[in-house]
Amino acid sequence: MNILVLNCGSSSLKYQVIEICSEKILAKGICDRINLGDSFFIQKTFDNREIKKELKIKNHEQAIDLIIKYLLDKDYGVLNKIEEINAIGHRVLHGGSYFDKPVLIDDRVKIVIKDCFVLGPLHNPNNLAGIEACEKLFSSNIKQVAVFDTAFHQTMQRKVFSYALPYELCKKKSIRRYGFHGTSHEYIANRTCKILNNNNLKIISCHLGNGSSICAIEKLKCIDTTMGMTPIEGLPMGTRCGDIDPGILFFLAKKENMNLDEIDNILNKSSGMLGISGISSDFRDLENEAKKNNKRAKLALEIFCYRTAKYIGAYTVCLGGIDVIVFTAGVGENSTTTRKKICEYLDFAGVKINQEKNNLRGKEVMFSTDESTVKLLVIPTNEELMIARKTKMIINNLRK
Ligand code: ADP
């Protein structure tokens, strides 16, 4: 069974075709800078054929049309006919409180995704555009499944997901913590339990990338996570500020005369690592600058590691103990110095790293010593595979 996995972002569309029985990636690619004039398209296949094109892509429908064309291409494709795609799995950012698992997409589901536009204004409209484009471009028999980034976190208790704001207001306007990166944290939880052959673990999953979040997991269920109603809450990120005093917003509005768009822009686009360092949101740039003793690059990295360790401490309390800390995503998988600095904060609790193993990048590895009180793992995340697996599960259930 071949599953097309689509991740329709605001200006990019990433995709993979996965043969789900063997879990082999047949092809993967990206349409980037959609509707920005200088779009480009890249596709790579399992046998290392690669095509790159610079062209104008106006919208998600055109992007998906292009993807189909190159999946079927004689020289660069992997399929003979479009019917060889058996189902489509979509990454959908926000499912509100409606969805705690993936669902087969029908008109009702589309209405709910639309209802959640206000909760995920940058993502949900594009996710829906991708779904509707597939309805046009594929046969009407094809099944489409929505896999929500928020679904895994729906097991959080009320005391965890509630803000200390007026109760009725929150209820009426669906103001609560939802959490994101759920598909990644779920993949990490499953993989960790498989590696350690134990489903009852207390896991702290650190998804550290351009966007970052931490999730406290017990017995494969989410107990708490750092992102909230929107993906700004929690850790400082590439360009997002993470937790701040909301009083700062009033200060900026009242004392600096900033309007909402300007404040939004600061919080989402010019804060975090970029804002602190004034150099870059990219950890590689910051690490290079820190080596040259750039004070602000060093400060950005220090703040990131401190705040990550602080949440790990808090989540140890939330879980009533801890068995494993897992690092994933671009920074978690590759930045050996970030992992080291975070773990050093936990040295007092007997968390010990094996330096040699910690020097590996982008690979599955246990990098704690045998004496360490907590196991430390790196697991490369694989959201696309998780979406494909869930799509297969829904399709197989339909057949029963
Ligand atoms: P996104 O949230 O966009 O999916 P990623 O998970 O791809 O982001 O993470 C991107 C981040 O990972 C960037 O800040 C990048 O600098 C960092 N990164 C990637 N490779 C390395 C590396 N070798 N060392 C340090 N940081 C790295």
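The residues of the chain are indexed from 1 along the displayed sequence. Order of listing sets the numbers, starting from 1, for every ligand and every atom in it.
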Part of Arg361 within contact of ligand 1 (heavy atoms, under 4.0 Å): side chain

Nearest-neighbour protein heavy atom for atom 21 (C) of ligand 1, which is reported as residue plus atom name and distance: Asn334 CB, 3.4 Å

Phe180 ring center near His94 ring center (under 6.0 Å): yes

Mode of Glu287 contact toward ligand 1 - side chain, backbone, both, neither (heavy atoms, under 4.0 Å): side chain

Selection from Asp285, Thr328, Asn210 by shortest heavy-atom distance to atom 8 (O) of ligand 1: Asn210

Shared hydrophobic cluster, Ile57 / Leu137 (ILVMFWY, side-chain heavy atoms < 4.5 Å): yes

Nearest protein heavy atom with distance in Å, relative to atom 26 (N) of ligand 1: Phe283 CB, 3.6 Å

Atom 16 (O) of ligand 1: the protein heavy-atom neighbour that sits closest, reported with distance to 0.1 Å: Asp282 OD1, 2.3 Å

Cation-pi check, Lys24 onto Phe46 ring (under 6.0 Å, within 45° of axis): yes

Any protein heavy atom < 4.0 Å from atom 23 (N) of ligand 1: yes

Pair Phe161 and Tyr178, ring centroids less than 6.0 Å apart: no

Per-atom contacts of ligand 1 with Gly330, taking only distances under 4.0 Å to non-hydrogen atoms: 5 (P), 6 (O), 9 (O), 12 (O), 17 (C), 18 (N), 19 (C), 27 (C)

Centroid separation Phe283 to Phe304 less than 6.0 Å: yes

Nearest neighbour in protein (non-hydrogen) for atom 11 (C) of ligand 1: Val331 CG2, 3.8 Å

Contact check, Gly211 vs ligand 1, heavy-atom distance below 4.0 Å: yes

Geometric class of the Tyr306/Tyr345 ring pair [parallel <30°, tilted 30-60°, perpendicular >60°]: perpendicular

Hydrophobic cluster identity match, Ile312 and Val326, side-chain contacts under 4.5 Å: no

